[in-house]
Asker: 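Got a structure for you, written out below as structure tokens; questions coming shortly.
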Amino acid sequence: MPYLYEGVENCKALIVDDGNVSRSILASQLRDLGVGNVVQARRPQDARVALERQTYDFVLCEYHFEDEAYSGQDLLDDLRRANLLPYATTFLMVTSEASYNKVAEAAEAALDGYLIKPYTANSLGDRLLHARQRKMALKDIFSAIEAGDFGHAARLCVQRFVGGKSYALYAARIGGDLLARQGHVKEAQALYQKVLDQHPRLAWAQLGMARTYVDSQQTPMARRLLHNLVKEHPDFAEGHDMLGNLEIEQGELAQARDSLKRAWDITPASISRCVRHGAASFYAGDKAEAVRPLERAATLGNGSKMFDQQSLMLLAFMRMDAKDTKGLRRTLSALDAALQNQPDSARIQRMVEVGRTLCLVAEQKSELLPSTLQKLAEQLDADDLDVEAACNLLSLLARISPELAAAPPCSDWVEKLSWRFSGNKAAATLMLAASAERPEQQARIQNILSEAQTAVQAALSQALAGQHRFAVTELISLAQKWRNAKWAEMAGIALDRHREHIADADRLEPLIQNLRNSFKGQPNRLPLGNDSGRQAGGLSLRVKVAPAPNAA
């Protein structure tokens with residue numbers, strides 16, 4: 001059999017299939033087509049680890065695994081959400097006729113294709129060649145992305161779509177995402193609208209449009225579109241993801257829990273969706289619902305970069321609430337192991353300290369508590385402290401004795417954290433939820449949030465009264481005192497708006513910028529799992545040039 005194309009002998013392929021015979025046949029077919037390096041994985045979890053470590057030119061993955069709840073689509077989804085599947089990688093799903101409808105949906109997400117069993121070596125070759133031809137047709141776009149020239153890549157995508165060239169829809173999806181990432185919201189909306197004019201029911205285009213509404217603060221329009229999207233496409237998990245994210249930002253935890261549960265129900269083996277559904281359930285007060293997805297995330301994520309340690313932190317709180325001291329100890333051991341793997345992570349170090357404190361409380365070792373609480377108290381003014389850390393500290397505070405909580409070094413935790421993260425609806429809701437075990441702590445947080453809102457409104461009212469400089473300096477003062485990034489941002493906006501009325505605006509500007517720079521832990525990480533990957537509705541921008549194909 002002739003080689004598929006020149007240079008294919010330098011390509012690397014990964015086969016993911018639980019059938020020994022199927023893997024062997026497929027490996028043989030790939031080698032006959034000229035693929036130089038073929039690696040095999042029996043389980044999707046093994047494939048995920050392999051793809052975390054290196055890039056492959058081809059991934060051929062079975063859809064259904066006999067003894068696994070984790071499907072090929074779950075693997076694909078996790079890889080894309082964690083930015084582990086470059087554009088340069090061809091991902092083909094392999095399946096039986098019975099699963100065709102589900103795999104067709106997965107193929108749209110992968111943007112490459114699928115093989116239906118039984119298939120011949122020729123049909124395999126045709127699929128791989130077609131996928132390569134598409135990647136080569138869009139080579140200028142991929143090259144621009146790899147070079148970091150996202151603006152040029154976006155223009156090339158728009159030109160290809162408007163010009164009706166081959167792979168126009170694929171280019172439009174990439175282009176819309178690139179424009180949105182760069183903050184060119186109107187241009188992204190215009191592109192998505194052109195796509196929807198031709199394909200009104202296209203789910204990814206509706207999702208992209210909703211994302212631009214979120215980015216441009218058009219929340220009601222985003223919500224309407226997302227509700228219509230999930231009604232029209234109830235199995236489109238990313239629609240539920242984005243709706244849940246929006247509901248969290250609006251402080252609607254119960255609704256977010258339900259939306260994220262629907263996304264999880266569709267892909268129950270997705271690590272990131274396990275974490276987010278479990279965390280949303282925890283903060284919504286539904287701990288019975290939270291345990292299963294968080295435990296599943298811990299099991300599936302063992303050894304994976306996709307796993308987020310906040311799952312362990314939330315499980316630790318629930319183990320303590322259930323008086324499961326042995327389970328709490330196991331959770332702390334897992335956090336200790338994570339810290340050994342990332343010894344420079346201040347974030348995980350804080351989690352370990354919180355976990356150790358919980359164990360001391362559970363084991364009634366009160367004589368050791370003051371020293372560990374003092375270590376945590378020293379972190380309250382850290383530049384990188386975020387909402388996640390604040391919620392973990394407040395959850396801990398609500399579980400120690402009222403006497404300890406009211407005395408140094410814990411006596412000012414509620415005040416410092418509430419003032420620092422006021423002005424953010426999601427943060428306020430989550431801090432209150434984190435304090436659910438102690439109603440008096442919730443009440444105090446609520447009072448401080450109201451006091452903070454009054455202080456900010458008083459500062460802003462000075463601008464309306466013509467006291468523009470006073471308004472800016474008051475916001476600066478509040479931001480400095482309470483280390484509040486939101487107010488530093490507001491001071492900057494107020495300065496820009498009233499610059500012509502402020503004689504020493506040029507002197508105030510660097511002061512505000514220094515404040516912004518000092519809050520390196522913000523924009524705030526919410527305690528709902530790792531959001532370091534792409535946004536819902538976005539695509540992976542991780543691109544590595546395949547070493548094999550001849551670009552000629």
Side-chain angles (χ1 to χ4, degrees), residues 148 150-151 179-187 212 214-219 249-251 346 377-390 393 412-431 445-526:
F150 300 143
L179 289 169
R181 285 173 186 266
Q182 296 173 88
H184 302 315
V185 177
K186 290 184 178 179
E187 292 89 337
T212 66
V214 172
D215 290 344
S216 57
Q217 308 299 313
Q218 300 179 73
T219 302
E249 291 173 4
Q250 296 298 303
E378 291 167 0
Q379 294 290 315
L380 261 66
D381 292 325
D383 289 345
D384 64 343
L385 194 82
D386 52 25
V387 176
E388 177 187 81
L393 289 170
D412 62 352
W413 287 19
V414 169
E415 183 179 39
K416 282 189 172 183
L417 294 172
S418 301
W419 277 95
R420 182 164 182 169
F421 297 108
S422 64
N424 181 314
K425 185 180 290 187
T429 304
L430 289 164
M431 288 192 297
I445 291 173
Q446 187 63 68
N447 290 336
I448 292 172
L449 292 174
S450 298
E451 185 181 346
Q453 183 179 12
T454 300
V456 171
Q457 287 176 343
L460 294 175
S461 67
Q462 294 300 315
L464 296 176
Q467 299 296 319
H468 305 104
R469 186 183 187 282
F470 181 84
V472 172
T473 56
E474 186 66 13
L475 288 170
I476 292 173
S477 177
L478 286 168
Q480 286 176 324
K481 180 178 180 180
W482 298 109
R483 306 188 64 74
N484 188 302
K486 177 75 171 179
W487 297 339
E489 193 68 30
M490 291 173 66
I493 293 171
L495 181 64
D496 289 341
R497 182 175 299 168
H498 306 298
R499 180 179 294 272
E500 62 185 40
H501 302 295
I502 301 174
D504 60 344
D506 290 342
R507 186 183 69 82
L508 295 175
E509 188 167 32
L511 182 60
I512 294 172
Q513 190 57 50
N514 287 338
L515 274 175
R516 288 169 165 170
N517 293 339
S518 71
F519 302 129
K520 60 186 179 184
Q522 303 165 54
N524 305 311
R525 177 197 290 268
L526 299 179

Asker: Please report the closest heavy-atom contact between Ser461 and Ala458, naming both atoms and the distance.
Answerer: OG-O, 2.6 Å
Asker: Starting at CZ of Arg469, measure out to CG of Leu495 and round the result to the nearest 0.5 Å.
Answerer: 10.0 Å
Asker: How long is the straight-line distance from CG of Asp386 back to CZ of Arg420, given to the nearest 0.5 Å?
Answerer: 8.5 Å
Asker: Answer yes or no: is there a donor N or O on one side and an acceptor on the other, between the side chain of Ser418 and the main chain of Glu415, under 3.5 Å?
Answerer: no
Asker: Once rounded to the nearest 0.5 Å, what's the spacing between atom CD1 of Ile493 and atom CH2 of Trp487?
Answerer: 14.5 Å
Asker: Please step through side-chain contact (heavy atoms from CB on, under 4.5 Å) for the pair Leu475 and Ile512, ending with a clear verdict.
Answerer: CA-CA 10 Å; Leu475 288 170; Ile512 294 172; over 6 Å; no
Asker: Got a second to check how far Leu385's CG is from Leu380's CG, nearest 0.5 Å?
Answerer: 6.0 Å
Asker: If you compare all heavy atoms of Ala471 against all heavy atoms of Ala459, which two are closest, and at what distance to 0.1 Å?
Answerer: CB-O, 3.2 Å
Asker: How long is the gap from CG on Asn514 to CD on Gln480, to the nearest 0.5 Å?
Answerer: 10.0 Å
Asker: Which residue pairs pass the salt bridge (Lys or Arg N to Asp or Glu O under 4.0 Å) test with at least one member in residues 491-500, sequence neighbours excluded?
Answerer: Asp496-Arg499, Arg499-Asp506, Arg499-Glu509
Asker: Keeping the roles fixed (side chain from Ser477, backbone from Glu474), state whether a donor-acceptor pair exists under 3.5 Å.
Answerer: no
Asker: Between Met490 and Leu460, does a side-chain contact (heavy atoms from CB on, under 4.5 Å) hold up when you go through it step by step?
Answerer: CA-CA 9 Å; Met490 291 173 66; Leu460 294 175; 3.6 Å; yes
Asker: Against Asp381, only a single residue in Lys416, Lys481, Arg483 fulfils salt bridge (Lys or Arg N to Asp or Glu O under 4.0 Å); can you say which?
Answerer: Lys416
Asker: List the atom of Asp384, the atom of Ala346, and the distance in Å for their closest heavy-atom pair.
Answerer: OD2-CB, 3.8 Å
Asker: How about Asn517 and Gln513: do any of their side-chain heavy atoms sit closer than 4.5 Å?
Answerer: yes
Asker: Does any part of the side chain of Lys486, heavy atoms only, come nearer than 4.5 Å to the side chain of Asn424, both counted from C-beta?
Answerer: no
Asker: For the atom pair CG (Leu526) and CG (Leu430), what is the distance rounded to the nearest 0.5 Å?
Answerer: 6.0 Å
Asker: Just wondering, do Met431 and Phe421 contact through their side chains at under 4.5 Å, heavy atoms?
Answerer: yes
Asker: For Trp419, does its backbone N or O pair with a side-chain atom of Asn484 as donor and acceptor, under 3.5 Å?
Answerer: yes
Asker: Where is the tightest heavy-atom contact between Ala427 and Val387, given as atom of each residue plus distance?
Answerer: CB-CG2, 3.7 Å
Asker: Apply salt bridge (charged side-chain N to carboxylate O under 4.0 Å, His left out) to the pair Lys425 and Glu249, showing each step before the final yes or no.
Answerer: CA-CA 7 Å; Lys425 185 180 290 187; Glu249 291 173 4; over 6 Å; no
Asker: Which heavy atom of Ala488 sits nearest to which heavy atom of Leu515, and what is that distance?
Answerer: CB-CB, 4.1 Å
Asker: Which atoms form the tightest heavy-atom contact between Leu449 and Ala428, and what is the distance?
Answerer: CD1-CB, 3.7 Å
Asker: Within the 4.5 Å heavy-atom criterion, are Leu179 and Thr212 side-chain neighbours or not?
Answerer: no
Asker: Main chain of Arg507, side chain of Asp504: is a donor-acceptor contact present, judged purely on distance under 3.5 Å?
Answerer: no
